[in-house]
Enquirer: 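Structure incoming, see below.
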Protein chains: 2
Amino acid sequence: MGGVKVDGRVERGEQTRRLILRRAAEIASVEGLEGLSIGRLATELEVSKSGVFAHFGSKEELQLATVRAAAAIFVAQVVEPALVLPPGLARLERLLDGWLAYSENRTFPGGCFFYAVQAEFDARHGRVRDAIAGYGRQWSDYVRETVAAIPEVADPDQLAFELIAFLEMANAQSVLHDDPHAYSRARVAVRNGLAQAGAAVSATRR
Amino acid sequence: MGGVKVDGRVERGEQTRRLILRRAAEIASVEGLEGLSIGRLATELEVSKSGVFAHFGSKEELQLATVRAAAAIFVAQVVEPALVLPPGLARLERLLDGWLAYSENRTFPGGCFFYAVQAEFDARHGRVRDAIAGYGRQWSDYVRETVAAIPEVADPDQLAFELIAFLEMANAQSVLHDDPHAYSRARVAVRNGLAQAGAAVSATRR
DNA sequence: AAACTAATTGTACGATCGTTCGTACAACTT
DNA sequence: AAGTTGTACGAACGATCGTACAATTAGTTT
C-alpha cells in the first residue's frame with residue numbers, strides 16, 4: 001500500500017505538515033479560520049514562522065488545506081462508519097448518531113469544525129468560502145440521498161433539512177451554553193422526525 | 001419626549017455613535033466581531049480612527065456596544081411585532097414569521113447577526129461571549145415561554161428547540177448557498193412541527 | 001467676550017500580521 | 001566524494017492592529 005517513496009526528507013515534511021494542519025483545525029474550530037495566524041501556529045508548535053509558511057505559500061492556502069484536512073477527519077468519523085450498513089433507515093440512523101457523537105465528544109475542541117467555519121465564511125467571497133460551501137453541499141446531498149433510500153419517506157428534501165437542523169442546533173447549544181441536554185433533545189427530535197416521516201418506518205422498528 | 005437634554009454637542013456625539021454602531025453591526029454580520037477593526041470602520045465612515053476609538057475606549061467595548069445595538073434592532077424587528085398579539089399560537093406564529101422575515105430581508109447584510117457572532121464566540125471566553133450567550137438564552141427562553149402558552153403543547157422545551165433549529169438552518173442555508181427555498185422549507189417545517197405538537201392546534205385553525 | 005466642556009482630530013507607539021529572502025543542514029542521487 | 005534536492009530557520013519588510021495623548025474645533029455657560 002501507499003507510495004514507494006522512501007525519501008526521509010519529504011516524509012519528515014509531510015509529518016510536519018500533518019502536525020500543522022491538525023493544530024490548525026483545532027484552533028479554527030474555536031477561533032475561526034481568520035483567527036488562525038501563522039505566527040501563533042509556529043509558536044504553539046515550536047517551529048519557525050517561515051517553516052510553517054513555507055508549507056503552504058500563503059495564508060489562503062493554509063486555510064484551504066485546513067478545511068480539506070478537517071473534511072477528511074469528518075468523513076472518517078461520521079460518513080465512513082455508516083457506509084458499513086446498506087442504504088436504508090439503519091444507515092441513516094448510524095449517520096445521524098455518528099454526527100452527534102462527533103460533535104459531542106469534541107473531535108474538534110470548538111465542536112463541529114464546519115459549523116464554525118460555515119458561519120464565519122457564509123457571507124464572504126473567495127476560494128475558502130467556495131471550498132466550505134462545496135463540502136457543505138456534499139454533506140447535505142449525502143444526507144438527502146441517504147434519506148431518499150428509505151421508501152416510506154414522502155419528501156426526502158424536507159426531512160433532510162429538518163434532520164440537519166437538529167444536529168446543528170444541538171452543536172450550537174452545547175458549545176455556547178455548555179448544555180449537555182442539547183444532544184438528547186436532538187436525539188428525540190430525530191426520532192420523532194423519522195417516525196413521523198413514515199408510519200411504516202416506526203412500525204418496522206417495533 | 002425623552003431626556004430634557006438640549007446640548008448640541010452630545011446630541012451630535014450620540015448620532016455619530018449610532019452611525020458607528022449601525023455600520024459595525026453590518027460589518028460584523030458578514031466578517032464577524034473580530035473582523036471588525038477600528039481603522040476600517042473609521043475609513044468607511046470617513047471619520048478619524050481616534051474619533052471612533054474615543055467613543056468606546058477599547059475594542060472589547062466596541063464589540064459589546066455592537067452586540068447591544070444589534071439586540072435592540074432584533075427586538076424591534078422580531079420580538080415587538082409579536083407582542084401586539086395575546087400569548088398563544090397566533091403570537092408564536094407571528095414571532096417565527098417575523099424571525100424568518102428578519103433573516104430573509106437581510107436586516108443585516110450577512111443574515112442573522114446573532115447566528116454569525118454566536119458561532120464566532122461560542123467556544124471562547126470573556127465578556128463578549130458572555131453577552132452573546134446571555135442574549136441567546138433570553139431569546140430561547142422567550143420562544144419557550146411563548147410555546148408554553150399554548151396549552152395543547154405537551155413538551156414546550158422540545159418544540160422550542162426544534163422550531164429555533166428550523167429558523168437557524170434556513171438562515172444558514174440561505175446565506176451560504178444563496179438558496180431561496182431555504183425559508184419555504186423552514187416554513188413547512190414550522191407548520192408541521194406546530195401541527196404535530198397538538199392535533200387540537202391544527203383543529204382550531206381549520 | 002471669556003471660560004469652560006464635550007466631541008473630534010493628528011501624531012505616535014509597540015505589537016503582530018502575512019510575506020520575502022538568503023542561509024544552514026540533512027538526505028538523496030550520481 | 002561531489003552535487004543536488006527539500007525542509008527548516010532567522011532576520012527583515014511594509015502594513016495594519018489596538019491604544020495613548022496632546023491639540024483643535026464646536027457648542028454651552030457665565
Side-chain angles (χ1 to χ4, degrees), chain A residues 2-24 27-28 30-67 120-121 124 126-129, chain B residues 3-24 27-28 30-67 120-121 124-129:
Chain A
V4 281
K5 171 183 315 161
V6 281
D7 192 327
R9 295 170 301 183
V10 320
E11 167 64 27
R12 188 165 60 102
E14 288 176 1
Q15 191 168 342
T16 305
R17 188 186 161 96
R18 281 192 294 271
L19 187 76
I20 294 171
L21 289 177
R22 174 138 47 101
R23 180 64 66 99
I27 294 177
V30 175
E31 322 246 9
L33 280 167
E34 294 290 356
L36 197 157
S37 92
I38 296 173
R40 176 186 172 182
L41 211 42
T43 303
E44 289 193 12
L45 296 173
E46 293 181 313
V47 295
S48 72
K49 201 168 100 169
S50 39
V52 173
F53 182 85
H55 272 280
F56 307 98
S58 75
K59 169 139 190 202
E60 191 182 39
E61 284 297 332
L62 167 64
Q63 292 174 325
L64 288 168
T66 302
V67 172
E120 185 182 5
F121 279 81
R124 302 191 190 196
R127 299 203 296 151
V128 178
R129 177 219 141 104
Chain B
V4 282
K5 172 184 313 162
V6 281
D7 191 327
R9 296 170 301 183
V10 321
E11 166 65 25
R12 190 164 60 102
E14 287 176 2
Q15 191 169 339
T16 305
R17 188 187 161 96
R18 281 192 295 271
L19 187 76
I20 294 171
L21 289 176
R22 174 140 46 101
R23 181 63 67 98
I27 294 177
V30 175
E31 322 245 9
L33 281 167
E34 293 289 357
L36 197 153
S37 90
I38 295 172
R40 176 186 172 182
L41 214 39
T43 302
E44 290 192 11
L45 297 174
E46 293 180 312
V47 295
S48 71
K49 198 170 111 172
S50 29
V52 174
F53 180 83
H55 272 280
F56 306 99
S58 74
K59 168 138 192 205
E60 191 181 39
E61 284 298 333
L62 167 64
Q63 292 175 324
L64 288 168
T66 302
V67 173
E120 184 182 7
F121 279 81
R124 303 191 190 195
H125 300 289
R127 299 203 296 151
V128 178
R129 177 218 140 103

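In what follows, chains carry the letters A, B, and so on, assigned in the order in which the sequence lines appear, proteins first and then strands, with residues in each chain numbered from 1.
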Enquirer: Show your reasoning for whether side chain to side chain contact (heavy atoms under 4.5 Å, CB included) applies to B:L41 and B:L62.
Expert: CA-CA 11 Å; B:L41 214 39; B:L62 167 64; 4.1 Å; yes

Enquirer: Please answer whether the main-chain N or O of B:G32 pairs with a side-chain N or O of A:E120 as donor and acceptor at a distance below 3.5 Å.
Expert: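 Side chain of A:E120 to backbone of B:G32, a donor-acceptor pair under 3.5 Å: no, none is there.
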
Enquirer: Take atom CD of B:E11 and atom P of D:dA26, then tell me their distance rounded to the nearest Å.
Expert: 18 Å

Enquirer: So, do B:L64 and B:E61 sit near enough that their side-chain heavy atoms are less than 4.5 Å apart?
Expert: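 SC-SC contact between B:L64 and B:E61 confirmed.
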
Enquirer: May I ask you to test the B:E34-B:Q63 pair for a side-chain heavy-atom distance under 4.5 Å?
Expert: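 A side-chain contact exists here, since the closest heavy-atom pair is under 4.5 Å.
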
Enquirer: Nearest whole Å is fine: how far is D:dG10 C1' from A:E46 CD?
Expert: 17 Å

Enquirer: In whole angstrom, give the distance that lies between atom CG of B:L45 and atom P of C:dT8.
Expert: 12 Å

Enquirer: Which whole-number value in Å describes the distance from A:D7 CG to D:dG6 C1'?
Expert: 7 Å

Enquirer: How close or far is atom P of C:dA7 from atom CZ of B:F56, stated in whole angstroms?
Expert: 12 Å

Enquirer: Round to a whole Å and report the spacing from CD of B:E14 to C1' of D:dA26.
Expert: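 Going from B:E14 (CD) to D:dA26 (C1'), I get 16 Å.
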
Enquirer: Do B:I20 and B:F56 have side-chain heavy atoms sitting under 4.5 Å apart?
Expert: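 SC-SC contact between B:I20 and B:F56 confirmed.
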
Enquirer: So what does A:V52 hit on the nucleic acid, given a heavy-atom distance under 4.0 Å: a base, only sugar-phosphate, or nothing?
Expert: nothing

Enquirer: Should B:H55 be listed as having a side-chain N or O under 4.0 Å from OP1 or OP2 of C:dT8?
Expert: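 Looking at the OP1 and OP2 atoms of C:dT8, one of them is under 4.0 Å from a side-chain N or O of B:H55.
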
Enquirer: Rounded to the nearest Å, what distance is computed from the CD atom of residue B:Q15 to the C1' atom of nucleotide C:dA6?
Expert: 16 Å

Enquirer: Given side chain to side chain contact (heavy atoms under 4.5 Å, CB included), test B:R18 with B:R22 step by step and report yes or no.
Expert: CA-CA 6 Å; B:R18 281 192 295 271; B:R22 174 140 46 101; over 6 Å; no

Enquirer: Pick the nucleotide of DNA chain C nearest each of A:R12 and B:S48; which residue has the one closer to the 5' end?
Expert: B:S48

Enquirer: Flag yes if more than 12 heavy atoms outside A:R124 fall under 6.0 Å of its CZ atom; otherwise flag no.
Expert: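 Yes, because the 6.0 Å sphere around CZ of A:R124 holds more than 12 heavy atoms from other groups.
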
Enquirer: Whole angstroms only, please: what is the CG-P distance between B:L33 and D:dC17?
Expert: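 Value for this atom pair: 16 Å.
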
Enquirer: Remember a base hit wins even if backbone is also touched, and classify B:A54 as base, sugar-phosphate or nothing at under 4.0 Å, heavy atoms.
Expert: base

Enquirer: Reading nucleotides 16-22 of chain C from the 5' end, what letters show protein touch, with B for base, S for backbone sugar-phosphate only, - for no heavy atom under 4.0 Å?
Expert: -BBBB--

